[in-house]
Q: 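After the structure tokens below, expect a handful of questions from me.
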Amino acid sequence: KAGVTQTPRYLIKTRGQQVTLSCSPISGHRSVSWYQQTPGQGLQFLFEYFSETQRNKGNFPGRFSGRQFSNSRSEMNVSTLELGDSALYLCASRGVDTQYFGPGTRLTVL
Amino acid sequence: AQSVTQPDIHITVSEGASLELRCNYSYGATPYLFWYVQSPGQGLQLLLKYFSGDTLVQGIKGFEAEFKRSQSSFNLRKPSVHWSDAAEYFCAVEPPGSQGNLIFGKGTKLSVKP
């Protein structure tokens, strides 16, 4: 079974721009979660989608949004980028009881 | 508030030596418990998990972890470390009904001396 895929793997943007990241979960998994990883704050939960519905959201500003499509693929969007948004963004695909992570997207904001 | 504490930021062990990484959680009920490993620039790989039952769980790569309810701990162990085990290790909890929200510790970076 193929694992979780994330595209792109690396992104460089400038402040004020917006960015969209994509995540394809493991086949058959309907839940996708997103996390932000930074050296200072560690791993923080952004939001979780299940069957195209956001079920849970972390403590992030409204600039961070996401969606899920009928094939379970998910995207997250960050608008009006700030320097502090530079991070590794990880997507996780959840089976019955366990989350499996993708390789992440490294976002650098200049 | 729910939290996960990994008290050791960085640990260095010699190759072939035993390893124990500590993890304590703060939560009223027993959550689901996980250990993940991350190599530089990579995502997280699941090592093992505990939901209920036998408190000693076996994982991949020769790792095991023991759940101790009285101490709210879930420590990770390996009897003999290999150079390829050098990575960062994260303990995580998922409170029941949290809907995909894993709470992570800050991680422990493991270095292995030849």
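Numbers restart at 1 for each chain; the letters A, B, ... are given by sequence-line order, proteins then strands.
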Q: Under 4.5 Å between any side-chain heavy atoms of B:Y32 and A:Q99, yes or no?
A: no
Q: Quick one: do B:L21 and B:I60 end up in the same hydrophobic cluster if we chain Ile, Leu, Val, Met, Phe, Trp and Tyr together by side-chain heavy atoms under 4.5 Å apart?
A: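 Yes; tracing contacts between hydrophobic side chains, which count when under 4.5 Å, links both residues.
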Q: Of the backbone (N, CA, C, O) and the side chain (C-beta and beyond), which part of B:L102 lies under 4.5 Å from a heavy atom of chain A, both, or neither?
A: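 Contact with chain A is through both the backbone and side chain of B:L102.
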Q: State plainly whether one hydrophobic cluster holds both B:L110 and B:L47, where clusters connect Ile, Leu, Val, Met, Phe, Trp and Tyr through side-chain heavy atoms under 4.5 angstrom apart.
A: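 B:L110 clusters together with B:L47.
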Q: What part of A:Q37 lies closer than 4.5 angstrom to a heavy atom of chain B: side chain, backbone, both or neither?
A: side chain
Q: Does B:F90 share a hydrophobic cluster with B:V13, counting links as ILVMFWY side-chain heavy atoms below 4.5 Å and allowing steps through other members?
A: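 Per the 4.5 Å side-chain linkage, B:F90 and B:V13 are not co-clustered.
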Q: Enter the distance from B:Y36:OH to A:T98:OG1 here, rounded to the nearest 0.5 Å.
A: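 Answer rounded to 0.5 Å: 6.5 Å.
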Q: What's the spacing between B:Q38 CD and A:L43 CG if we round to 0.5 Å?
A: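 With rounding to 0.5 Å, CD (B:Q38) is 6.5 Å from CG (A:L43).
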Q: For the pair B:K49 (side chain) and A:D97 (backbone), establish whether a donor and an acceptor sit closer than 3.5 Å, ignoring hydrogens and angles.
A: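 No; zero donor-acceptor contacts below 3.5 Å.
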Q: If hydrophobic clusters are built from ILVMFWY residues whose side chains come within less than 4.5 Å, do B:Y25 and B:Y89 share one?
A: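 Cluster IDs for B:Y25 and B:Y89 match.
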Q: Please say whether more than 12 non-hydrogen atoms of neighbouring residues, nucleotides or ligands are located less than 6.0 Å from CG in A:N59.
A: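 Open.
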Q: Who else is in A:I12's hydrophobic cluster (ILVMFWY, side-chain heavy atoms under 4.5 Å, direct or via others)?
A: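 Via sub-4.5 Å side-chain contacts, A:I12 links to A:L110.
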Q: Could you walk me through whether B:I103 and A:F45 satisfy the side chain to side chain contact (heavy atoms under 4.5 Å, CB included) test, starting with their C-alpha distance in whole Å, then the side-chain angles of each, then the deciding distance to 0.1 Å, before giving a yes or no?
A: CA-CA 8 Å; B:I103 301 168; A:F45 172 75; over 6 Å; no
Q: Pick whichever of A:A92, A:G104, A:P103 has the most heavy-atom pairs under 4.5 Å with chain B.
A: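 Looking at each option in turn, the highest pair count goes to A:P103.
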Q: Where do A:Y35 and B:F104 land on the ring pair (Phe, Tyr, Trp, His ring centres under 6.0 Å) test, with the steps shown first?
A: CA-CA 10 Å; A:Y35 295 83; B:F104 286 89; 5.7 Å; yes
Q: To the closest 0.5 Å, what do you measure between CZ (A:F101) and CD (B:Q42)?
A: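 Between atom CZ of A:F101 and atom CD of B:Q42 there are 14.0 Å.
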Q: Under a single-linkage definition using a 4.5 Å side-chain heavy-atom cutoff for Ile, Leu, Val, Met, Phe, Trp and Tyr, are B:F34 and B:Y27 assigned to the same hydrophobic cluster?
A: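 Per the 4.5 Å side-chain linkage, B:F34 and B:Y27 are not co-clustered.
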Q: Identify which part of B:Q45 has an atom lying under 4.5 Å from any heavy atom of chain A, answering side chain, backbone, both or neither.
A: neither
Q: What part of A:R94 gets within 4.5 angstrom of chain B, counting heavy atoms only: side chain, backbone, both, or neither?
A: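 The answer is the side chain of A:R94.
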Q: Surrounding CZ of A:R9 (heavy atoms of other residues, nucleotides or ligands, distance under 6.0 Å), is the total greater than 12?
A: yes
